[in-house]
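Proteins come first, then strands; the chains are lettered A, B, ... in the order of their sequence lines, and each starts at number 1.
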2 protein chains.
Amino acid sequence: MQARSRATVDALVEATARILVREGFEKASTNRIAEIAGVSVGSLYQYFPSKEALVAAVIDRHNEEIMGIVRAALTEVADLPIDKAVRRLVTVAIEAHRIDPKLHRVLAEQIPRTGQLKDVEAFNREVHTLVRAYLESRRNEMRKIDPGLATFICVSAIEAVAHNTVLNQAEMLSEKTVRTLVDETTRMVVGYLR
Amino acid sequence: MQARSRATVDALVEATARILVREGFEKASTNRIAEIAGVSVGSLYQYFPSKEALVAAVIDRHNEEIMGIVRAALTEVADLPIDKAVRRLVTVAIEAHRIDPKLHRVLAEQIPRTGQLKDVEAFNREVHTLVRAYLESRRNEMRKIDPGLATFICVSAIEAVAHNTVLNQAEMLSEKTVRTLVDETTRMVVGYLR
DNA sequence: ATATAATGCGAGCATTCACTCGCTTTTCCT
DNA sequence: AGGAAAAGCGAGTGAATGCTCGCATTATAT
């Protein structure tokens, strides 16, 4: 039956994420994952050909969540002037990183980059492409500047601020702090673009 | 008989770095490291209590190299106005990341962050402190702004540009590209600060 | 030359862990 | 009900690997 197996798959992915967050990558053995999922190792290998594939599924789920938000934001921002748009994007970047900070941290710090590096790169490229398209459509509001370069610098800067904010300050982030941070980052990026 | 043992220690650290770069973290077993170093596993454990400690030594050596450059730059820049200083710092950041890009990549991507995370944080804090001190000494050239916040944003942005540049473009970086990148990043940061 | 200490050796132990396979249970269909 | 197919089970396997320990070699001191 399908419902049953989908539940098993979900339980496995969920359990993997939980263990990664609660006990770190090292403790995440396939046996343990199966145990936490309430499933046998045999079933695990019925659905995932390797441990790597399982971890990749977790990464994908998380990235897909983030990309959903980012894509939506970039669509809804398409008609806004640069200052409004950048502000929104900075806000969204921080929000996206805050979805599941602990998981984000583990994925960023503890997962050995192997095969699925390709996937992460794909997400990166997508963000790049989308941002670049937006910037090109707003060329008239900007100074003369190579769009690829501008995209690279802006995305790097915004991503870094969001990333470091979430990693360093963990969960303790007041609304006010976030607002100030958004203000400042927006100011930097907008000032740079025009 | 210190010379002999120092040579052994050096050989071990060097071999570890080589294996990390050439074959990745997974292939870096203690047995293999000892073999490449031309030393026995027993000797390895005479000088390093664990594999982790060995990897930590490699990380430390690399970080120390980078910090040496950064510290020097920040000292020699102390009397320069903001625009000159920032330009120098951006340049140095990229240079520092280019010291050993392959090792840098492995350290950034493949090493599970365990204990020695503390060390990395210490380096981070030092950079922060130094930059902040500089900014505070130049307050008069800047708009009214919280120094801690400004430091956080500037360091994040510069670091991210340098990091991504080196990671994405590997070794293929023309002088011209670097100069443009430095120009643009400098422009962004300086524009932001004043 | 002899004794003592420092350094080095590497086979092997103990453990962990990804993964397999033969079997059982559950679900579906007629 | 009966049987086939789908899903699940978990003890067991084999390989990898971090690390130990008893012994061998080399340096220093007397």
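Contact annotation for E52(A): no contact, since no heavy-atom pair falls under 4.0 Å across all strands. Residue S29(B) is in sugar-phosphate contact alone, with no base atom involved, counting any heavy-atom pair closer than 4.0 Å across all strands shown. Residue-level contact check: Y47(B) touches the backbone only, with heavy atoms under 4.0 Å from sugar-phosphate atoms and none from bases. Counting non-hydrogen atoms under 4.0 angstrom, E35(A) reaches nothing in the nucleic acid.
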Can you tabulate the close N/O pairs, meaning under 3.5 Å, that link protein atoms to atoms of nucleotides 3-5 of chain D?
none

Listed pairs, N/O of protein and of nucleotides 26-30 of chain C, under 3.5 Å:
none

Name the pairs: protein N/O against N/O of nucleotides 9-16 of chain D, kept only if under 3.5 Å.
from	atom 1	to	atom 2	distance (Å)
dC9(D)	OP2	S40(A)	N	2.9
dC9(D)	OP2	S43(A)	OG	3.4
dG10(D)	N7	S40(A)	OG	3.4
dG10(D)	N7	G42(A)	N	3.3
dG10(D)	O6	G42(A)	N	3.4

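Proximity of T30(A) to the phosphate of dC17(C): no side-chain N or O atom is located under 4.0 Å from OP1 or OP2. Put simply, S50(B) has no side-chain N or O that comes within less than 4.0 Å of OP1 or OP2 on dG18(D).
Taking the ring centre of Y134(A) as origin, the terminal cationic atom of K84(A) falls outside the region bounded by 6.0 Å and 45° from the ring axis.
Using a 3.5 Å distance cut-off with no hydrogens or angles, the side chains of S174(B) and T177(B) do pair a donor with an acceptor.
A heavy atom lying under 4.0 Å from DNA chain C marks none of the residues of residues 11-25 of chain B.
Every pair passing salt bridge (charged side-chain N to carboxylate O under 4.0 Å, His left out) that includes a residue from residues 139-154 of chain B is listed here, sequence neighbours excluded: E184(A)-R143(B), R138(B)-E141(B). Screening residues 154-163 of chain B for salt bridge (charged side-chain N to carboxylate O under 4.0 Å, His left out) gives no qualifying pairs among residues at least two apart or on separate chains.
Surrounding CZ of R71(B) are more than 12 heavy atoms belonging to other residues, nucleotides or ligands, all under 6.0 Å away. Dense packing is recorded around CZ of R61(A), with more than 12 heavy atoms of other residues, nucleotides or ligands lying under 6.0 Å away.
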